Amino acid sequence: MLLNRVAIKHKAQELIRISMPLPIYAGIIMLILGLITSFLSARLTGLSLSPAEFEQYLKYVQEGNFEFAFRILQRFDPSPSETIIDTALQIITSVVNFGFIIFLMNIVRNTAPCLGNLLDGFGMFFKVIWLNILVFVFTFIGFMFFIIPGFIAIYRYRMAVFIMIDNPNMSAFECIRESSRMMKGHKSELFIFDLSFIGWTLLASIPYLGYLVQIWTIPYINLCFAVYYEALKNCPTDAVYRELPKSDNDSTPPEF
């Protein structure tokens with residue numbers, strides 16, 4: 001295992017402390033955007049059966065009358081306009097997420113990060129959407145074969161978004177191919193890195209309290225992956241991540 005998880009996490013925490021604007025501000029914006037999108041999506045596409053309708057639905061199911069049970073659910077299918085609005089919300093969120101990664105990369109490289117970076121993805125709108133579609137399709141194909149090929153595909157294409165940020169002239173296909181090349185020998189490494197955040201993930205899932213935790217975890221975890229990409233990209237050999245620079249007066253934090 002060549003990945004120095006503690007060093008990367010330490011570097012990300014140091015950047016969160018010293019970077020301006022504070023990445024926490026971007027984390028708050030991304031959290032609010034996610035909550036608004038989830039709320040609107042649930043209102044547009046979620047089922048809202050009344051107690052009487054739900055009781056009737058259960059009665060049909062228990063009686064084996066699935067046709068009538070299905071008809072009840074059909075009445076609450078989202079309309080075409082609601083589906084279009086929900087899709088638009090998801091697209092906007094994915095483009096802002098792309099801008100969020102740009103913001104974090106600028107922090108890692110100390111290249112004048114600003115909260116306006118969150119909107120930079122709209123300058124590559126169609127390429128960002130096409131990249132997301134291709135990654136989804138290729139990953140879905142992997143899961144069609146079995147669970148393990150699907151997870152391998154997830155990690156094979158994880159660096160595609162970073163590559164597109166670095167190389168805006170590359171096509172989405174080229175970014176995916178380059179990500180596949182870059183991740184050779186590192187997929188299991190990144191998988192274990194993901195598992196190291198499970199403590200924060202569980203805390204972030206606690207109702208209400210989790211929102212406060214996410215203000216930290218959204219910029220912190222994503223910044224860790226930005227540091228990971230930067231180290232991987234700049235390493236000419238497989239001997240990568242043995243050490244990352246850190247301040248002399250900073251102690252190594254726990255790996256939680």
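Values below: every heavy atom of this structure, side chains too, minus hydrogens, waters and symmetry copies. In this text the structure is predicted, and so the values were computed from the model without any measurement.
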Worksheet item: Looking at the rings of Phe143 and Phe151, which for Trp means the six-membered one, are their centres under 6.0 Å apart?
Response: yes
Look at the side chain of [X] and the backbone N and O of [Y], then say whether any donor-acceptor pair between them is shorter than 3.5 Å.
{"X": "Asn117", "Y": "Cys114", "answer": "yes"}
{"X": "Lys127", "Y": "Pro168", "answer": "yes"}
{"X": "Ser171", "Y": "Glu174", "answer": "yes"}
{"X": "Asn222", "Y": "Ile218", "answer": "yes"}
{"X": "Asn4", "Y": "Ala7", "answer": "yes"}
{"X": "Ser38", "Y": "Gly34", "answer": "yes"}
{"X": "Ser196", "Y": "Phe193", "answer": "yes"}
{"X": "Ser180", "Y": "Ile176", "answer": "no"}

[Y] reachable from [X] in the ILVMFWY side-chain graph, under 4.5 Å edges:
{"X": "Met20", "Y": "Tyr25", "value": "yes"}
{"X": "Phe126", "Y": "Phe98", "value": "yes"}
{"X": "Met182", "Y": "Ile152", "value": "no"}
{"X": "Leu115", "Y": "Ile18", "value": "no"}
{"X": "Phe146", "Y": "Phe138", "value": "no"}

Compare all side-chain heavy atoms of [X] with those of [Y] and state whether any distance is below 4.5 angstrom.
{"X": "His186", "Y": "Phe191", "answer": "no"}
{"X": "Leu22", "Y": "Ile16", "answer": "no"}
{"X": "Met105", "Y": "Glu230", "answer": "yes"}
{"X": "Val108", "Y": "Leu104", "answer": "no"}
{"X": "Ile163", "Y": "Tyr229", "answer": "yes"}
{"X": "Leu232", "Y": "Met183", "answer": "yes"}
{"X": "Tyr155", "Y": "Asp194", "answer": "yes"}

To the nearest 0.5 Å, tell me how far [X] [atom1] sits from [Y] [atom2].
{"X": "Met30", "Y": "Thr37", "atom1": "CE", "atom2": "OG1", "value": "9.0 Å"}
{"X": "Ile92", "Y": "Ile36", "atom1": "CD1", "atom2": "CD1", "value": "11.5 Å"}
{"X": "Met124", "Y": "Asn169", "atom1": "CE", "atom2": "CG", "value": "8.5 Å"}

Is the number of heavy atoms from other residues, nucleotides or ligands within 6.0 Å of [atom1] ([X]) greater than 12?
{"X": "Phe136", "atom1": "CZ", "value": "no"}
{"X": "Phe145", "atom1": "CZ", "value": "no"}
{"X": "Leu195", "atom1": "CG", "value": "yes"}

Item to complete: Start with the C-alpha gap between Leu203 and Trp200, add the side-chain angles, then the distance that decides, and say whether side-chain contact (heavy atoms from CB on, under 4.5 Å) holds.
Response: CA-CA 5 Å; Leu203 280 177; Trp200 285 115; 4.2 Å; yes
Worksheet item: Under 4.0 Å between a Lys/Arg side-chain N and an Asp/Glu carboxylate O for Asp166 and Arg109?
Response: yes
Worksheet item: Going by an N to O cut-off under 4.0 Å, is there a salt bridge joining Glu14 and Arg17?
Response: no
Discussion item. Is it true that Glu189 and Tyr228 share a donor-acceptor pair across their side chains at a distance under 3.5 Å?
Written reply: yes
Practice prompt. Apply ring-ring contact (aromatic ring centres under 6.0 Å, His included) to the pair Phe225 and Phe197, showing each step before the final yes or no.
Written response: CA-CA 11 Å; Phe225 293 129; Phe197 293 107; 5.7 Å; yes
Worksheet item: Could you go step by step and tell me if Ser94 and Ile129 meet the side-chain contact (heavy atoms from CB on, under 4.5 Å) rule?
Response: CA-CA 8 Å; Ser94 67; Ile129 300 306; 3.7 Å; yes
Fill in: Val227/Leu15 under side-chain contact (heavy atoms from CB on, under 4.5 Å): CA gap, chis, key distance, verdict
CA-CA 10 Å; Val227 175; Leu15 290 172; 4.2 Å; yes
Discussion item. Taking transitive links into account, so neighbours of neighbours count too, which hydrophobic residues share a cluster with Met144 at under 4.5 Å side-chain distance?
Written reply: Phe140
Worksheet item: Could you walk me through whether Met164 and Met170 pass the side-chain contact (heavy atoms from CB on, under 4.5 Å) check?
Response: CA-CA 7 Å; Met164 179 168 282; Met170 288 178 63; over 6 Å; no
Response to the item:
Heavy-atom nearest pair, Phe103 first then Pro23, reads CE2-CA, 4.0 Å
